[in-house]
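All figures in this text were calculated on a predicted structure; none of them were measured in a lab.
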Amino acid sequence: IIEIGEFYIISREVCERSKGVYLRHIQNGKLPYRNEYKKIQETIDFYSKMIQDKIVEKAYEIGILYGFEERYLKKEANLMKLDKIGKHPRIDELGDYDLLIFDEQRNTIFNIECKYISQSFCGKDLKNDIEQIFGKTDKAQKSYIGQLLKRQKYLEEKAYEISKNIGFNF
């Protein structure tokens, strides 16, 4: 980049690299910088959510391919709606289960968590991604792993009750 007076001259190489960085980030459902424009961020978040939903849908399809009937697969399961008899925490307290597969033959509930984690493009992105996945030491419960473990523990404690209430023989 060369500055001449009030003008900047940018080489074709710098423009190509910048274009590549922007395209890679946008294709991964985020921007290469913190965005203050709400509408742009909402659009990027929408596409990121769309990618996440496709991952859950693909996991569901894999469950079908492995021979589970649709009635045994519960996609994006909110326990308050799935099991109305049980007194389960609100979704904002517990979260939803991306995919639950009830296997009566093995007497097992598979709790499948699907997460779309976009590619890290620099050290700062990587640090933020690691903190989002594993949490900071003082906020580990808010991390992906912390939330998953919280839901898993609850599911283990209530597995029999949930299964019985929604009509499975465990």
Whether K54 and E57 form a salt bridge (side-chain N of Lys/Arg under 4.0 Å from carboxylate O of Asp/Glu) is what I want to check. no
Among residues two or more places apart or on two chains, list those pairs meeting side chain to side chain donor-acceptor pair (under 3.5 Å) that have a residue in residues 3-14. E13-R17
Between E161 and K164, is there a side-chain N and carboxylate O pair less than 4.0 Å apart? no
Should L99 and M50 be regarded as members of a common hydrophobic cluster, given that ILVMFWY residues are connected when their side-chain heavy atoms come within less than 4.5 Å of each other, either directly or indirectly? no
Quick one, K58 and E61 - any side-chain contact, counting heavy atoms below 4.5 Å? yes
Restricting to non-hydrogen atoms, name the atom on I55 and the atom on K115 that form the minimum distance, rounded to 0.1 Å. CD1-O, 4.2 Å
Going by the angle between their ring planes, with limits at 30° and 60°, are F102 and F168 parallel, tilted or perpendicular? parallel
Would F68 end up clustered with I64 when hydrophobic side chains under 4.5 Å apart are linked, directly or stepwise? yes
Quick check: do I109 and I162 have side-chain heavy atoms less than 4.5 Å from each other? no
Looking only at non-hydrogen atoms, find the nearest pair between L94 and Q147 and report the distance. O-NE2, 4.5 Å
Once you round to the nearest 0.5 Å, how far does CD of E156 lie from CG of L149? 9.5 Å
Closest non-hydrogen atom pair, E131 against K136: OE1-CE, 3.1 Å
Interatomic distance, K158 atom NZ to D83 atom CG [nearest 0.5 angstrom]: 10.0 Å
Transitive ILVMFWY side-chain link I130 to I117, under 4.5 Å: yes
What's the separation between atom CG in N107 and atom OG in S163, rounded to the nearest 0.5 Å? 8.0 Å
Minimal non-hydrogen separation, S143 against I133, with atom names: CB-O, 3.4 Å
Are D45 and K49 close enough for a salt bridge, meaning some N to O gap below 4.0 Å? no
Please tell me whether Y144 and F134 are part of a single hydrophobic cluster in this structure, the criterion being side-chain heavy atoms less than 4.5 Å apart. yes
For the NZ atom of K87 and the CG atom of L79, what is their distance to the nearest 0.5 Å? 14.5 Å
C114 backbone acceptor or donor facing D98 side chain under 3.5 Å: yes
More than 12 heavy atoms from other groups under 6.0 Å of CD on E70: no
How long is the gap from CG on L155 to CG on N111, to the nearest 0.5 Å? 5.5 Å
With ILVMFWY side chains joined below 4.5 Å, transitively, what does Y160's cluster contain besides itself? none
Are V56 and I62 connected in a single hydrophobic cluster, I mean Ile/Leu/Val/Met/Phe/Trp/Tyr linked by side-chain heavy atoms less than 4.5 Å apart? no
With heavy-atom distances below 4.5 Å as the criterion, would you say the side chains of I91 and M80 are in contact? no
Any donor-acceptor pair under 3.5 Å from K74 side chain to R71 backbone: yes
Check R151 against Y97 and note the closest heavy-atom contact, atom names and distance. O-OH, 2.7 Å
CG-CZ distance between L73 and F110, expressed to the nearest 0.5 angstrom: 10.5 Å
So which heavy atom on G63 is nearest to which on I101, and how close? CA-CD1, 4.4 Å
